[in-house]
Amino acid sequence: MKTLLAVAVLGGGVVHATLGPALRIADVAPDIPLIVVVLLALRRGPEFGCAAGFVAGLLQDAAGGGLMGVQALTKAVIGFGIGAAGGRLRVRQPLVQVPGLVLLTILEGLARFALLQLFRFPAPFGELMTYVVLPQALYNGFLGAALVLALAWSESARSA
Amino acid sequence: MRIRALVLLGTIAGLCLLLLTLQMRSRASLASDALAIVTTPVQTGLARVNRVAFGAWATYLDWKNVRAENGRLRAEAQRLRVEALQVGEMADENRRLRRLLVLKESLPLETMSGEIIAREWGGWVRSLTVNRGRTDRVMRLTAVIAPEGLVGRVVDVRPSASVVQVLTDPASTVGAHVVRTRTSGIVEGDPRGTLRLKYMARDGAGIQVGDLVVSSGQGGLFPRGIPVGRVRAIDDRGSALFHYAQLVPVVDFARIDEVLLITGDATRDVAAHFPGDGS
C-alpha cells in the first residue's frame, strides 16, 4: 500500500509538474494532484485518500512557497471525505463526475481561504474565487471526467 | 477501520495545524527546514523527471519537426528541379521559336512554320515528319528550311503531316555552289549521315576546308543562297575529271524541332538572310 501510495502521489506530482504548464488554458492550470487524490480515494477508501491528499498537498505547499500545511490539510480532508462517501457516489456517470469535481475544487478553495484567514494570511476572496478557483474548478471537472472515462474504458477493455 | 481512518485524519489535521501555527509564530524557518528535509529530495526528483520528460518530448518534437521539414524540403527541391528543367526547356524552345520567327519575318518568301513530330534515322532513309500536311496546303517537293540552313524537301504529303527527306538521305540531291569560289556541284546524301559535294570541275575549283556551300537555286526547287554545309575534307582523285568534297551539314537534323516550309515562289536569292562566312 505504501509503495502504491508513493507511486500514485508522486506520479500525480510528476504529471502536475510536467503536464501542468502544457495543459494551461488562458492561464488556468488544472489541479492534477486533487484529481488524483479524488480518484485514489474513490477506489481505495478514506485512509488511502487521506494519506494521499496529505502527501500530495504537502508537496504542492512546498513547491508553491506559501504556508505549508494548507493544501496538505484541505486535500487530506477531501481525500478522506470522498473515500468515506465513495460507495454511495455514482462516479461513472459523467453528470456526476463533472459537477462533483467542480464542487470539490470550490470546496477545497473555500477551505484554503478559510485556513489562510484563520492564520491571518492576506488573500482577496473575490478575485481568488473569480480568477483562480472557479476556472480551475471547471477545468478540473472536465479533465477529471475525461480521466474517469479513460480509466473505465481501459478496465472494460482489459476485462473483455 | 473507520476509527483508524478518523485517527489518521485527526493526526494529519493536527500535524497540519501545528505546522501552520509554527509558521505563524515566527518559527517558519524551523518548520520549513524540517519539512524541506523530506520534500526537497522529492522535489528534486520531480524536477529531474520533469526535465527528462520535457527533454525527451522536446527531442521528439525536434526530430519530428526536422523530419517533416526534411520531407518538405525534399519535395520542394524536387519541385524546383522539375521547374528549372521546364523553365530551361521553355527558354530553349522560346529561343528557337524566336530565331524561326525572325527568319520567317525577314525572308522575302511565303513560308509556314512546322513542328517536327517524328524522325526516321535508320540509314536507308533519313527523314523528318512535320505536323503540316494536305489540310495546310503543303505540296510535294516543298523546300524545308531552318534558321541555320537547308533541311530538305517534302517527299510525301499526308492529311495533316508531311515527310521531309533531309539532305543526308542517300537519295537526296541538291544543286549547290561554294560561296567563296562559286564552284558548282551537286550535294548528295551519304549513308553515313554526311554530305558529299560532287561533280565539281577540277580546273579552277580551289576550294578549302571550311568553305561554306549554299544552294544554287538551279531547278527552282530551293531558293538560291541557303546554307547547306561546310567543307570538311577534299577528296582529290588525281587526274579524274571531277573531284569531291565531304561536307558537314549546317543543320543538326537530329536536334532540330521547328522548321519553315516554303509555300510560295522559291526562286529568290535569300543568302543575305542566313549566317554566311563573310565571303
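Proteins come first, then strands; the chains are lettered A, B, ... in the order of their sequence lines, and each starts at number 1.
- Distance check: A:Leu118 CG to B:Leu20 CG gives 8.5 Å after rounding to the nearest 0.5 Å.
- Shown here is B:Arg137, whose CZ atom has no more than 12 heavy atoms of other residues, nucleotides or ligands within 6.0 Å.
- B:Arg79 CZ: more than 12 foreign heavy atoms inside a 6.0 Å radius.
- Neither the backbone nor the side chain of B:Leu18 comes within contact range of chain A, judged by heavy atoms closer than 4.5 Å.
- Nearest heavy-atom pair, A:Cys50 versus B:Ile12, reported as atom, atom and distance to 0.1 Å: SG-CD1, 3.6 Å.
- With sequence neighbours excluded, the residues that form a side chain to side chain contact (heavy atoms under 4.5 Å, CB included) with B:Leu80 are B:Glu76, B:Glu83.
- Interatomic distance, A:Phe54 CZ to B:Leu15 CG, rounded to the nearest 0.5 Å: 4.5 Å.
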